[in-house]
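The block underneath contains the structure these notes are about, expressed in structure tokens.
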Amino acid sequence: MTSIPQVRKLVTAIPGPKSQEILKRRADAVSAALGMAIPMIVERAGGGILVDVDGNSIIDMGAGIAVVNVGNSADRVVANVKAQVEAFTHTCFMVAPYLGYIEVCEALNRLTPGTHKKKSILLNSGAEALENAVKIARSYTKRQAVVVFEHGYHGRTNLTMAMTAKNMPYKEGFGPFTPEIYRMPMAYPLRWPGGAQNCASDALNVVIHKMEKELGAKNIAAIVIEPIQGEGGFIVPPKGFLPGLAKFATENGIVFIADEVQTGFARTGQMFASEDEGVVPDLIATAKGIAGGLPLAGVTGRAEIMDSVHASGLGGTFGGSPIACAAALGAIATIEQENLCDRAKEIGTIISDALNAMKAKYSIIGEVRGRGAMQAIELVIPGGIEPNPVALTSIIKFCQSEGVLILSAGTYGNVIRLLPPLVIPENLLREALEILDRAIAQA
Ligand code: PLZ
């Protein structure tokens, strides 16, 4: 357990004087191109709390963007990392292999959906996992086209920028982008042109029609989709959409790739969000929550697909670092032994009950959606579905000034997403929701 007291405490305004001093150095030394969700300098973190250099204790409703699902500096992660750092720090798995890498692959093969024979590779970041999943799918199918979706987010490298939907800030001025990426309409119930009630039946038909008529199914190497879209605004497709896509992929020799970088590792109340409808992806990309805060990513999938690439065709100097692998084994053990999937479901119920009560009171809330500890509200201009990013800015600022860190998302910059560490104490969670309620009231 963390030694950090699990209480919200403000001793200065945010940012306090010490944070302000260091933020000046940040502005002087760090590229202005990097964003910053909250202007404070973190000194320690654990449970549901971030402590800044001025001694303020902030409630963490973002978990470093769905990374510290087991909490910051979780006991098993710290112990494993310490032992590994003392044993050795790096050999390069392609030069001289070590057990930790193999054990993480075994864990991924065991935990990801499906009982078929699976194999894995390890990498450094979510984007790198997506890059490799696409490389593997292209090599296996000897096809080039990759299908992605509106509102999708897959990373900031050149290939994954092309796969990511939103121009600003991710793509503006960074082209040319890689060819053979085709974006399909997303089953986004709130904004489906024919209305939410028709989204389930229409969206799958539209996408399949486009794949068949515009691309030709036999030219498609992979369909890549987030089971719940993260950066795009926690968009949950209606039941049937994901299984329908997976079935179309199987029938047409297309590799179905689930990007579970944000949804993975107990976040949605199941180890992986694909499980919700029994979808078994051919390949699954993981990162973020895999290693309790250390940089690690994976691609896991059908052994015959993973083994189809020529020898030495995949790799990288740091991929599957022994330290990150040790952390991952600690994080995975924590998720399993502390039943964090169940905890994510309980957190989800608490959050969605609170958000739905707010929706009944405040007409700027257009929709409450999500699954497990991945919940969001989409803000609209009352009376319709026109996005309301102005309200979002004011709500997030209010929460910050009250000591609650809340993240935004969404193509239209109008979604508040709640994704706390799964070890957040219930009183902190309820306190954050109560402050969010006040923030919406003042907006
Ligand atoms: N796939 C579904 O959510 C990362 C991006 C933060 P990396 N999302 C947070 C930012 O603004 O850069 C993400 C994701 C999904 C892939 C990625 C990419 O993961 O580890 O950031 O490369």
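Only heavy atoms go into these numbers, but all of them, side chains included; no hydrogens, no water, no symmetry mates. For ligands, and for the atoms within them, numbers begin at 1 and follow the listed sequence.
You'll find the side chain of L296 reaches within 4.5 Å of the side chain of V104, heavy atoms only.
The closest donor-acceptor contact from the side chain of T164 to the backbone of K166 lies at 3.5 Å or more, if one exists at all.
Listed by chain and number, the residues in a salt bridge (charged side-chain N to carboxylate O under 4.0 Å, His left out) with D342 are K345 (sequence neighbours excluded). Listed by chain and number, the residues in a side-chain contact (heavy atoms from CB on, under 4.5 Å) with T250 amount to none (sequence neighbours excluded). Checked against ring-ring contact (aromatic ring centres under 6.0 Å, His included), F177 has no partners two or more places apart in sequence or in another chain.
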Contacts table for ligand 1: protein N or O within a distance under 3.5 Å of ligand N or O, distances only.
unit_1, atom_1, unit_2, atom_2, d
ligand 1, 1 (N), Y153, O, 3.4
ligand 1, 1 (N), D259, OD1, 3.3
ligand 1, 1 (N), D259, OD2, 2.7
ligand 1, 3 (O), Q262, NE2, 2.8
ligand 1, 8 (N), E231, OE2, 3.3
ligand 1, 8 (N), K288, NZ, 3.1
ligand 1, 11 (O), R156, NH2, 2.7
ligand 1, 12 (O), Y153, OH, 3.3
ligand 1, 12 (O), R156, NE, 2.7
ligand 1, 12 (O), R156, NH2, 3.3
ligand 1, 20 (O), G126, N, 2.8
ligand 1, 22 (O), G126, N, 3.4
ligand 1, 22 (O), A127, N, 2.8

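If you look at F88 and Y98, their ring centroids are closer than 6.0 Å.
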